[in-house]
Amino acid sequence: LVNLERQVADWTQDQERYQLMRELQAEKIPAGVVQDIADTYDHDPQLKHREYLAYLDHAELGVFGHQKPPFRLSRTPSDVSLAPEMGQHNEKICMEILGLSQQYYDELKQDNLFC
């Protein structure tokens, strides 16, 4: 068995893995590419076709892919957006919802009570 594994490894090491997978599958040989997470998102033809990722620009992390819902609805299409940044809504929550005054909010902010 070790010799067979070595022969297969030697035969496959210089071949493009996705092309090899397709060729083996065309011959009815079950084959698949071992993928890491980047491979899955960057090279998977089904995910590309389904436009699985939405690329959004995060203030601290830069542009990266966010998963879209796995379904498509014709009448109510979904959209992907970034989550709020830490503390982004502090002022609105404190003043509009909790009813704090601008002066009291500014004092709390000056005392570094918010992120």
Side-chain angles (χ1 to χ4, degrees):
L1 185 61
V2 173
N3 189 31
L4 177 59
E5 288 175 359
R6 183 175 309 284
Q7 288 176 333
V8 171
D10 290 344
W11 178 65
T12 60
Q13 71 181 358
D14 294 328
Q15 298 188 49
E16 198 285 315
R17 56 192 176 153
Y18 289 93
Q19 181 60 34
L20 177 59
M21 176 187 71
R22 287 188 290 275
E23 289 174 12
L24 292 171
Q25 289 175 352
E27 296 297 322
K28 307 290 187 231
I29 299 170
V33 174
V34 176
Q35 298 179 318
D36 62 18
I37 195 70
D39 289 329
T40 301
Y41 289 133
D42 294 339
H43 302 294
D44 187 288
Q46 181 65 17
L47 294 180
K48 278 188 176 186
H49 175 76
R50 297 285 299 154
E51 297 177 348
Y52 183 67
L53 294 177
Y55 291 91
L56 303 175
D57 191 4
H58 188 276
E60 293 185 33
L61 303 175
V63 176
F64 68 98
H66 298 265
Q67 294 176 0
K68 291 182 180 179
F71 50 84
R72 301 289 184 267
L73 303 174
S74 58
R75 293 186 191 169
T76 55
S78 62
D79 197 10
V80 177
S81 61
L82 292 172
E85 293 180 33
M86 185 69 90
Q88 179 177 340
H89 299 110
N90 285 352
E91 186 170 356
K92 179 177 179 140
I93 292 168
C94 287
M95 296 176 61
E96 293 180 25
I97 297 174
L98 300 177
L100 302 182
S101 68
Q102 181 71 52
Q103 180 181 352
Y104 188 51
Y105 173 77
D106 291 341
E107 290 172 14
L108 295 174
K109 189 174 178 182
Q110 188 174 0
D111 290 340
N112 294 317
L113 292 177
F114 302 114
C115 296

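All figures in this text were calculated on a predicted structure; none of them were measured in a lab. Side chains are part of it too, since the values below use all heavy atoms of this structure and drop only hydrogens, waters and symmetry mates.
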Nearest 0.5 Å, what's the [atom1]-[atom2] distance between [X] and [Y]?
X	Y	atom1	atom2	value
L20	D14	CG	CG	11.5 Å
E5	N3	CD	CG	10.0 Å
H89	E96	NE2	CD	10.5 Å
L24	Q19	CG	CD	10.0 Å

Distance-only criterion, 3.5 Å: show the donor-acceptor pairs between side-chain atoms of residues 69-81 and protein atoms not counting sequence neighbours.
{"residue": "R72", "atom": "NH1", "partner": "P69", "partner atom": "O", "Å": "2.9"}
{"residue": "R72", "atom": "NH2", "partner": "R50", "partner atom": "O", "Å": "2.2"}
{"residue": "R72", "atom": "NH2", "partner": "E51", "partner atom": "O", "Å": "3.3"}

Between R22 and Q25: side-chain donor-acceptor atoms closer than 3.5 Å
no

If we count only N and O atoms by modelled type, under 3.5 Å, do the side chains of D106 and Q102 hold a donor and an acceptor together?
yes

Please answer: with hydrophobic residues joined when any side-chain heavy atoms are less than 4.5 Å apart, are [X] and [Y] in the same cluster?
X	Y	answer
I29	W11	yes
Y55	Y52	yes
I37	V63	yes

Are K68 and L53 packed together at the side-chain level, in the sense that at least one heavy-atom pair is separated by less than 4.5 angstrom?
no

For residues G32 and M21, report the shortest heavy-atom separation together with the two atoms involved.
CA-SD, 3.7 Å

Does atom CD of E27 have more than 12 heavy-atom neighbours from other groups under 6.0 Å away?
no

For L100, the hydrophobic cluster (side chain heavy atoms closer than 4.5 Å, chained through members) also holds I93, M95, I97, L98, Y104, Y105, L108, L113, F114

Using the test side-chain hydrogen bond (donor to acceptor under 3.5 Å, both in side chains), find all partners of D39 that sit at least two apart in sequence or belong to another chain.
R17

